[in-house]
*Asks:* 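Once you've had a glance at the structure underneath, I'll fire off some questions.
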Number of protein chains: 2
Amino acid sequence: MPRPPAPDPRRTLTLRDVSEASGVSEMTVSRVLRNRGDVSGATRERVLEAARSLGYVPNKIAGALASQRVNLVGVIIPSLSNMVFPEVLTGISEVLEDTGLQPVVGVTNYLPEREESVLYEMLSWRPSGLILAGLEHTDASRAMLLQAGIPIVEIMDIDGTPVDSAVGISHRRAGRQMAEAIIAAGYRKIAFLGTQMPNDHRAKKRLQGFEEALAKVGLTLVDREFYSGGSALLKGREMTEAVLKRNPDIDFLYYSNDMIGAGGLLYCLDKGIDVPGKVGLAGFNGVELLDGLPRRLATMDACRLDIGRQAAEIIAGKRPAGVVGGEMVELTPTLQPGDTIRRV
Amino acid sequence: MPRPPAPDPRRTLTLRDVSEASGVSEMTVSRVLRNRGDVSGATRERVLEAARSLGYVPNKIAGALASQRVNLVGVIIPSLSNMVFPEVLTGISEVLEDTGLQPVVGVTNYLPEREESVLYEMLSWRPSGLILAGLEHTDASRAMLLQAGIPIVEIMDIDGTPVDSAVGISHRRAGRQMAEAIIAAGYRKIAFLGTQMPNDHRAKKRLQGFEEALAKVGLTLVDREFYSGGSALLKGREMTEAVLKRNPDIDFLYYSNDMIGAGGLLYCLDKGIDVPGKVGLAGFNGVELLDGLPRRLATMDACRLDIGRQAAEIIAGKRPAGVVGGEMVELTPTLQPGDTIRRV
DNA sequence: GTCGTGGCTGTTAGCGGTAACATAGCAGCT
DNA sequence: AGCTGCTATGTTACCGCTAACAGCCACGAC
């Protein structure tokens with residue numbers, strides 16, 4: 001039976017071990033391992049060989065302390081389970097890949113206090129940059145961010161005042177835009193279906209923008225329904241059923257995300273409801289999943305990949321010369337009408 | 001325009017700053033901040049107040065170096081985009097939450113070399129434990145793991161020899177079991193649809209087990225189809241169409257994951273194919289999404305949450321006394337027949 | 001011959017904490 | 001009073017690595 005991984009007779013290796021094994025000073029070993037400074041080819045070979053054969057793994061903790069440099073970038077996001085943030089992460093990783101920087105992810109579950117503690121934890125490792133979702137933070141969090149003395153990029157949202165830089169879209173505008181499209185298509189009895197999350201500020205802003213645009217033409221939401229937890233697809237079905245039962249004359253359902261929208265779509269198709277004739281549907285995010293549904297749900301992509309990329313570029317300092325910090329990048333999501341809004 | 005976060009006049013704070021501000025030694029401050037050792041209530045208050053008002057954030061790098069203790073647990077997984085690993089992470093976080101340990105995630109994209117470099121990077125931060133997916137690693141990776149001198153838990157799979165501990169299911173057995181259920185239900189012309197990923201060893205093992213069980217009753221796969229990249233749901237549709245066109249007499253489709261299985265299901269329903277009468281379907285994973293589909297896809301849950309929990313427990317040392325390491329935990333997935341396999 | 005000069009290697013002094021031990025003050029006891 | 005045994009705090013010596021600088025050597029120019 002395999003024992004715990006070798007209660008190693010020898011303590012874990014240090015530069016000194018490699019230096020002794022190769023007959024040079026620790027400093028020279030350090031230089032070889034970091035490819036820094038001039039080292040003769042012969043010495044380099046000898047050192048590398050020694051390091052390899054010993055199985056030496058440098059101690060970044062000591063290195064970071066000594067050099068005051070850490071190649072870590074903190075990334076703080078609310079959730080991993082809804083398909084939207086993984087794509088942001090992909091964008092971030094892509095860009096960071098060839099910069100020597102490494103993302104470290106923290107998840108807050110949409111809880112401000114949790115964000116605060118994750119942030120504290122991260123800052124205590126002195127990362128060289130920080131990317132976090134949203135513009136709303138506790139006072140303490142904001143104070144830490146300001147103190148940190150490193151580049152900070154707040155992502156996803158730009159309706160507000162960033163601490164440093166921001167990359168995102170205007171959710172208010174996105175909501176407004178969708179409302180306008182819906183109105184233009186002739187729908188009038190509109191309901192909203194979303195998550196019951198007081199801290200999902202972006203969803204809230206979309207709804208605000210949406211209602212603003214409705215108000216502008218004298219409309220108000222006919223109904224609204226919220227959920228929390230569980231399978232979003234299933235919840236989408238259930239909520240849709242509930243809403244349509246309560247108000248059979250509703251002609252449009254605006255969902256706060258694609259997943260529940262997809263559930264609603266499947267429900268309507270099941271029930272033989274004419275989409276988009278009798279009822280129109282729209283979601284938000286532009287998730288890949290929609291490609292495989294029987295009908296294309298109207299949505300608006302949230303530029304997730306691009307947001308991740310640009311945020312990482314700011315952190316990595318890959319910006320056009322002259323730009324120093326405090327950047328505000330607004331991306332513009334495009335409306336994808338799909339097949340669930342009447343064509344006018 | 002907001003400038004980069006205050007090119008702080010004062011360098012970043014250290015224990016000394018707090019110690020001066022509160023009139024005690026650095027050591028005492030350190031004790032207060034870590035709740036270690038006896039400190040009088042009055043002193044404690046004074047120190048905390050000073051730390052708070054300065055906005056001091058401890059430097060874990062220095063702390064870790066001095067104490068030779070790091071509260072980080074490395075987690076190395078192949079992907080974040082397929083719904084399966086986020087749930088594992090949830091299980092891990094849940095358990096780690098109240099241990100002072102913190103997960104740090106690395107993603108390999110199913111590339112062994114990438115795993116090797118992520119592993120190297122992680123070990124160089126000297127985490128107190130490591131959780132990684134799968135039992136297959138490069139020689140160099142395996143060597144590093146053995147040298148590391150920390151608890152290692154390989155998760156998801158148990159068909160092989162772990163370096164230290166392992167928590168997972170037998171994918172071979174899962175495949176076999178599904179095949180047996182399918183055969184028992186009377187299906188005979190069976191096809192397999194999966195991902196084109198040479199490094200997804202678990203999918204491969206499921207297929208092996210599946211074919212073994214078929215062979216035992218003299219059957220072989222009628223057809224197989226692979227995909228890579230893109231929207232899994234859509235790919236599921238396309239592959240299903242391709243397979244059914246090639247072999248109209250096929251009566252069962254076994255998918256290597258639920259997402260493509262769901263795509264296949266939607267396709268069949270679209271085409272009015274009698275499921276499970278004419279064609280039966282099954283996937284793998286037991287993802288939440290299935291709850292919202294028009295019909296419940298047969299699947300087998302992969303015990304993801306539980307795998308995460310138990311792996312974290314091993315790392316956190318929360319195991320029944322007497323257990324030292326080198327644990328092997330086999331979980332048993334349950335077959336969920338849903339509505340896409342004929343009832344016998 | 002002398003003096004740069006550049007290439008390579010070594011020495012020293014921390015980085016910001018913490019373990020381990022030392023010390024001071026004081027109550028309680030004989 | 002003298003001793004013991006606490007509790008609350010300070011002192012010292014690192015943890016493993018790197019920045020900064022110092023040293024050494026061969027070589028060519030003058």
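Given the structure is predicted, the values throughout are model-derived calculations rather than measurements. Below, chains carry the letters A, B, ... as their sequence lines are ordered, and counting in each starts from 1.
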*Asks:* Could you give the CZ-to-P distance, from B:Arg69 to D:dC14, as a whole number of Å?
*Replies:*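 Taking atom P of D:dC14 as the reference, CZ of B:Arg69 is at 19 Å.
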*Asks:* Measure CG/B:Asn59 against P/C:dG14 and give the value in whole Å, please.
*Replies:*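 Value for this atom pair: 18 Å.
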*Asks:* Tell me: CZ of A:Arg46 to C1' of C:dC8, nearest whole Å?
*Replies:*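 Going from A:Arg46 (CZ) to C:dC8 (C1'), I get 12 Å.
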*Asks:* Among D:dA19, C:dG16, C:dA20, which nucleotide sits nearest the side chain of B:Thr14?
*Replies:*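 That would be C:dG16.
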*Asks:* For B:Arg16 and D:dT11, give me the distance from atom CZ to atom C1', rounded to whole Å.
*Replies:*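 Taking atom C1' of D:dT11 as the reference, CZ of B:Arg16 is at 13 Å.
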*Asks:* Rounded to whole Å, please give me the gap between CD1 in A:Ile61 and C1' in C:dC15.
*Replies:*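 Atom-to-atom, A:Ile61 to C:dC15, this comes out as 14 Å.
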*Asks:* Below 4.0 angstrom, N of the basic side chain to O of the carboxylate: do B:Arg309 and B:Glu313 qualify?
*Replies:*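 No, B:Arg309 and B:Glu313 are not salt-bridged.
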*Asks:* Taking OP1 and OP2 of D:dA8, is either one under 4.0 Å from a side-chain nitrogen or oxygen of B:Thr43?
*Replies:*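 So the side chain of B:Thr43 is outside the cut-off, no N or O lying under 4.0 Å from OP1 or OP2 of D:dA8.
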*Asks:* Could you tell me how far apart B:Glu26 (CD) and C:dC15 (C1') are, to the nearest whole angstrom?
*Replies:*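 Distance check: B:Glu26 CD to C:dC15 C1' gives 13 Å.
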*Asks:* Ignoring hydrogens and angles, answer whether the base of D:dG10 and the side-chain atoms of B:Arg31 contain a donor-acceptor pair closer than 3.5 Å.
*Replies:*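 Present.
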*Asks:* Is any side-chain N of the basic residue among B:Asp38 and B:Arg44 closer than 4.0 Å to the acidic one's carboxylate O?
*Replies:*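 No, B:Asp38 and B:Arg44 are not salt-bridged.
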*Asks:* Examine C:dA19: is either OP1 or OP2 under 4.0 Å from a nitrogen or oxygen in the side chain of B:Arg34? Give yes or no.
*Replies:*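 Checking C:dA19 against B:Arg34, a side-chain N or O does come within under 4.0 Å of OP1 or OP2.
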*Asks:* Taking atom C1' of D:dC14 as reference, at what distance in whole Å does atom CG of B:Leu65 sit?
*Replies:*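 Atom CG in B:Leu65 sits about 9 Å away from atom C1' in D:dC14.
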*Asks:* From the options B:Thr12, B:Val29, B:Leu33, select the one residue that forms a side-chain contact (heavy atoms from CB on, under 4.5 Å) with B:Tyr56.
*Replies:*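 Option passing the side-chain contact (heavy atoms from CB on, under 4.5 Å) with B:Tyr56: B:Leu33.
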*Asks:* If the cut-off is 4.0 Å, is A:Ser25 near the phosphate of C:dT11, judged by side-chain N/O to OP1 or OP2?
*Replies:*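 Result: no.
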*Asks:* Give a yes-or-no answer on whether the side chains of B:Glu136 and B:Asn199 include a donor-acceptor pair shorter than 3.5 Å.
*Replies:*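 There is no such pair (donor and acceptor under 3.5 Å, judged by atom type) between the side chains of B:Glu136 and B:Asn199.
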*Asks:* Quick check on C:dG17: is either OP1 or OP2 less than 4.0 Å from any side-chain nitrogen or oxygen of B:Tyr56?
*Replies:*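 Checking C:dG17 against B:Tyr56, a side-chain N or O does come within under 4.0 Å of OP1 or OP2.
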*Asks:* Looking across every strand, which nucleic acid part, if any, lies under 4.0 Å from B:Arg126 by heavy atom: base, sugar-phosphate, or nothing?
*Replies:*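 It contacts nothing in the nucleic acid.
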*Asks:* Figure out the CG/P separation between B:Leu15 and C:dT18, and round it to whole Å.
*Replies:*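 Spelled out: CG on B:Leu15 to P on C:dT18 is 6 Å.
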*Asks:* Less than 4.0 angstrom between a side-chain N/O of B:Ser67 and OP1 or OP2 of C:dG17, yes or no?
*Replies:*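 Answer no for this pair, as no side-chain N or O of B:Ser67 is under 4.0 Å from OP1 or OP2.
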*Asks:* Where the side chain of A:Asp38 is concerned, which of C:dC8, D:dC15, C:dA19 is the nearest nucleotide?
*Replies:*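 Output: C:dC8.
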*Asks:* Could you walk me through whether B:Leu145 and B:Leu130 satisfy the side chain to side chain contact (heavy atoms under 4.5 Å, CB included) test, starting with their C-alpha distance in whole Å, then the side-chain angles of each, then the deciding distance to 0.1 Å, before giving a yes or no?
*Replies:* CA-CA 9 Å; B:Leu145 291 171; B:Leu130 208 52; 3.7 Å; yes
*Asks:* For D:dT7, take OP1 and OP2 only and decide whether either is under 4.0 Å from a side-chain N or O of B:Ser40.
*Replies:*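 Result: no.
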*Asks:* Can you establish whether the number of heavy atoms outside B:Asp139 located under 6.0 Å from its atom CG is more than 12?
*Replies:*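 Count not over threshold, so no.
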*Asks:* For B:Met27 and A:Ala66, find the nucleotide of DNA chain D closest to each by heavy atoms; which residue's nucleotide sits nearer the 5' end?
*Replies:*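 It is B:Met27, whose closest nucleotide lies nearer the 5' terminus.
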*Asks:* It should be established whether B:Arg36 places a side-chain nitrogen or oxygen under 4.0 Å from OP1 or OP2 of nucleotide C:dA19.
*Replies:*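 No, because none of the side-chain N or O atoms of B:Arg36 sits under 4.0 Å from OP1 or OP2 of C:dA19.
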*Asks:* Strictly below 4.0 Å: does A:Gln68 bring a side-chain N or O up to OP1 or OP2 of C:dG16?
*Replies:*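 Checking C:dG16 against A:Gln68, a side-chain N or O does come within under 4.0 Å of OP1 or OP2.
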*Asks:* At less than 4.0 Å, is any side-chain N or O atom of A:Ser30 found next to OP1 or OP2 of D:dT18? Yes or no.
*Replies:*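 Yes, such a contact exists.
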